[in-house]
Amino acid sequence: VLFFHAKWCPDCRGTDKSLRKDGVPTSRLLVVQVNYDKAKDLRKKYRVTVQHTFVQISSSGKQKGKWTGSRTGKD
C-alpha cells in the first residue's frame, strides 16, 4: 500500500504516528510512505489528487484499490 504523505499535513502526521505505533493487522501488508510533494509521476499514475491517500497495488504495480482518510492501520 502506498501512503501519499506530506510533512505539512496534520492528518498525515497523525496517521504516520499511529502506523508506527500500532502497525497494521496483517504481516502480509506493507505500507510504504510516498512523499506527496515530490512523487509527481506516481501521483499521476495512480490519479492521486490529495495527500493522505492510500493506493493498494499488486506486486506488478497495478492498482487494486484507493482510499483517503484512514487514521489507523486497522482502517
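Excluded from the calculations below are hydrogen atoms, water molecules and symmetry mates; all remaining heavy atoms, backbone and side chain alike, are included. Count residues from 1 along the sequence.
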Check: Within the distance-only criterion (no hydrogens, no angle test), does the side chain of S18 pair as donor or acceptor with the backbone N or O of G14 below 3.5 angstrom?
Finding: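 The answer is no, because no donor-acceptor pair under 3.5 Å joins these two groups.
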[X] [atom1] to [Y] [atom2] distance, which is reported to the nearest 0.5 Å:
{"X": "F4", "Y": "L42", "atom1": "CZ", "atom2": "CG", "value": "5.0 Å"}
{"X": "T68", "Y": "K66", "atom1": "OG1", "atom2": "NZ", "value": "7.5 Å"}
{"X": "F3", "Y": "T15", "atom1": "CZ", "atom2": "OG1", "value": "5.0 Å"}
{"X": "L2", "Y": "I57", "atom1": "CG", "atom2": "CD1", "value": "4.0 Å"}
{"X": "C12", "Y": "K17", "atom1": "SG", "atom2": "NZ", "value": "15.0 Å"}
{"X": "F54", "Y": "H5", "atom1": "CZ", "atom2": "NE2", "value": "9.0 Å"}

Notebook entry, point to check: If you take all heavy atoms of P10 and W8, which pair is closest and at what distance?
Noted result: CD-O, 3.4 Å
Item checked: Partner residues of S60 under the side chain to side chain contact (heavy atoms under 4.5 Å, CB included) criterion, sequence neighbours left out -> S58, K62
Extract all donor-acceptor atom pairs below 3.5 Å that involve side chains of residues 43-51 and protein atoms in other chains or at least two apart in sequence.
unit_1, atom_1, unit_2, atom_2, d
R43, NH1, Y36, O, 2.6
Y46, OH, G61, O, 2.6

Next item on the list: Could you check L30 against V1 for side-chain contact (heavy atoms from CB on, under 4.5 Å), going step by step and ending with a plain yes or no?
Entry: CA-CA 6 Å; L30 175 64; V1 174; over 6 Å; no
Next item on the list: Please list, chain by chain and in numerical order, all residues satisfying side-chain hydrogen bond (donor to acceptor under 3.5 Å, both in side chains) with Q33, sequence neighbours excluded.
Entry: D16
